[in-house]
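Everything below concerns the one structure shown next.
Chain naming here is simple, since letters A, B, ... match the order of the sequence lines and numbering starts at 1 in each.
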Number of protein chains: 2
Amino acid sequence: MQNTETRERKPRADALRNRALILEVAQKHFLEHGVGTSLEAVAKEAGIGTGTLYRHFPTREDLVAGVLQLHAEELEVKRAQITSIADPDEALAQWLRAMEDYISAYNGLPGPLVAAAQEGHKDSPLSVPCTTNIETTNDLLAAAQKNGHARASVTGNDLFNVVASTAWLRSNCGVADVPVESMRDILTNGYNES
Amino acid sequence: MQNTETRERKPRADALRNRALILEVAQKHFLEHGVGTSLEAVAKEAGIGTGTLYRHFPTREDLVAGVLQLHAEELEVKRAQITSIADPDEALAQWLRAMEDYISAYNGLPGPLVAAAQEGHKDSPLSVPCTTNIETTNDLLAAAQKNGHARASVTGNDLFNVVASTAWLRSNCGVADVPVESMRDILTNGYNES
DNA sequence: ACCTGAACACCGTTCAAGT
DNA sequence: ACCTGAACACCGTTCAAGT
């Protein structure tokens, strides 16, 4: 029986090339102009018709998710490194900073990510990287709550939102990174003393 | 001597009417679609040419600042109320919440505001409301540092950024406000226990 | 199976022409 | 002094026509 619906079909060679090319050019444009950049300009620089771009990535979210996939291995390496740190507080802190950097890769990325991370958005192509990262956060947080100093009432989803907000601030407050440093300090210690 | 450059000149009646009309319609569209809404649609619903809109508000920031001015009195009342609260910690907490609500009035407002609040952006029409609010924050924070429990290392600008980030999260995480509650808790107390 | 590019609807911004 | 709206350049998205 030929199950043409569910079986993996071998894509044509030019389609594969186009897909990779689109991702490469899109990454460059995301870097320069954020994830809201002109898709028409991406298609033009890739030397393809706009229809081809839409065929490969029907929505902007699909394209963003595709570009994010390019960072997957790198993040996985970092995750493995950090997971092996003995001090659970230090491990959690380093992981949160790694996630902040990951989310800060392109302007305008924090918004779609926190939206996709919310419950009931499993349909979004961006929910995949979100749930993966939140799971890791949950694990590291659980360890820090048990053997470290993390508060029991905090959840991994909370910390994901908090880190995304920091990433948002980072790309909106200009060049000086002192505001972001202060933000991290406040998130860690609160603005009140104990 | 007729100093036509610096003297205040009486605007024409239709210009005044148009200005008020633009602000009214813009506020409605900002509420429904955020501050990035179509200016052409605003002009059309106001029944004026697009050129007239640009004459009154040369940039989108000018229009946003104009609409924000509509909230000025209301915020001033709240500021006066809060300033008279005896407990400095409580006063600061209520003021931060009031600012968060103020910044949450329209989607997309937090971005321009934190940008305008940064040093060296005194040229932006949005820097006026920013500096006003940050000054109040500085005053209430100073009192909370002296006679309350606010940490000495925190500044009013820090808290403004933090509150703007919370407002940003509020408009990006969908309907449930539990994530924002958690964010506020973490900002107040940190994610680590003392 | 995949690609192309014209077509449509939309938007920001400017500016010559009006009153 | 102020308003109008055409004009220009740009963008997202779809879809008939090609290979």
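Between A:Leu39 and B:Asp14, the one whose closest nucleotide on DNA chain D sits nearer the 5' end is B:Asp14. Comparing B:Thr59 and A:Arg19 by the nucleotide of DNA chain C whose heavy atom lies nearest to each, the residue mapping closer to the 5' end is A:Arg19.
A 3.5 Å limit on both hydrogen-bonding distances identifies C:dA16 as the Watson-Crick or G-U partner of D:dT4. Nucleotide D:dC11 is matched to nothing when pairs are restricted to Watson-Crick or G-U wobble geometry with both distances under 3.5 angstrom.
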**Message:** Could you go through B:Ser165 and A:Trp168, starting from their C-alpha distance and side-chain angles, then the distance that decides it, and tell me whether this counts as side-chain hydrogen bond (donor to acceptor under 3.5 Å, both in side chains)?
**Reply:** CA-CA 7 Å; B:Ser165 300; A:Trp168 172 84; over 6 Å; no
**Request:** Under the side-chain hydrogen bond (donor to acceptor under 3.5 Å, both in side chains) rule, what do B:Asn192 and A:His149 come out as? Steps first, then yes or no, please.
**Result:** CA-CA 6 Å; B:Asn192 285 327; A:His149 294 84; over 6 Å; no
**Item:** Residue pair A:Asp185, A:Asn189: steps toward the side-chain hydrogen bond (donor to acceptor under 3.5 Å, both in side chains) verdict
**Value:** CA-CA 6 Å; A:Asp185 175 39; A:Asn189 306 311; 2.7 Å; yes
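Listed nucleotides D:dC2, C:dC3, D:dT4 differ in distance to B:Arg55; the shortest reach to its side chain belongs to D:dC2. Of the listed nucleotides (D:dC2, D:dG12, C:dC11), D:dC2 has the atom at the smallest distance from the side chain of B:Ala15. Listed candidates were D:dG12, C:dT4, C:dG12. Nearest to the side chain of A:Ile48 is C:dT4.
Atom CD of B:Glu40 is separated from atom C1' of C:dT14 by 14 Å (rounded to the nearest Å). In this structure, B:Leu21 atom CG and D:dC3 atom P are separated by 11 Å, rounded to whole Å. For the pair B:Arg17 CZ and D:dA1 C1', the interatomic distance rounds to 14 Å; values are reported in whole Å. Taking atom CZ of B:Arg60 as the reference point, atom P of C:dC11 lies 11 Å away to the nearest angstrom. As rounded to whole Å, 13 Å separates atom P of C:dC2 from atom CZ of A:Phe57. Regarding A:Ile22, its CD1 atom lies at a distance of 12 Å from the P atom of C:dC2, rounded to whole Å. Counting to the nearest Å, the P atom of D:dC10 and the NZ atom of A:Lys44 are 8 Å from each other. Spacing between atom CG of A:Leu53 and atom C1' of D:dC11 amounts to 13 Å, rounded to whole angstrom units.
Counted within 6.0 Å of NE2 on B:His71, heavy atoms from surrounding residues, nucleotides or ligands total more than 12; the atom is thus considered enclosed.
Under 4.0 angstrom from either OP1 or OP2 of D:dA1 there lies no side-chain N or O belonging to B:Arg12. Considering only side-chain N and O atoms, B:Asn18 lies nowhere under 4.0 angstrom from the phosphate OP1 or OP2 of D:dC2. Phosphate proximity of C:dT14 to B:Thr50: absent, as no side-chain N or O sits under 4.0 Å from OP1 or OP2. Checking the phosphate oxygens (OP1, OP2) of D:dC3, a side-chain nitrogen or oxygen of B:His56 falls inside 4.0 Å.
Within the nucleic acid shown, A:Thr52 comes within 4.0 Å of at least one base atom, counting heavy atoms only. Using a 4.0 Å heavy-atom criterion, one finds that A:Thr37 contacts the sugar-phosphate atoms exclusively.
With salt bridges taken as basic N to acidic carboxylate O contacts below 4.0 Å, one links B:Asp101 and B:Arg170.
Proximity of A:Leu96 to A:Thr166: side-chain heavy atoms (C-beta onward) are nowhere separated by under 4.5 Å.
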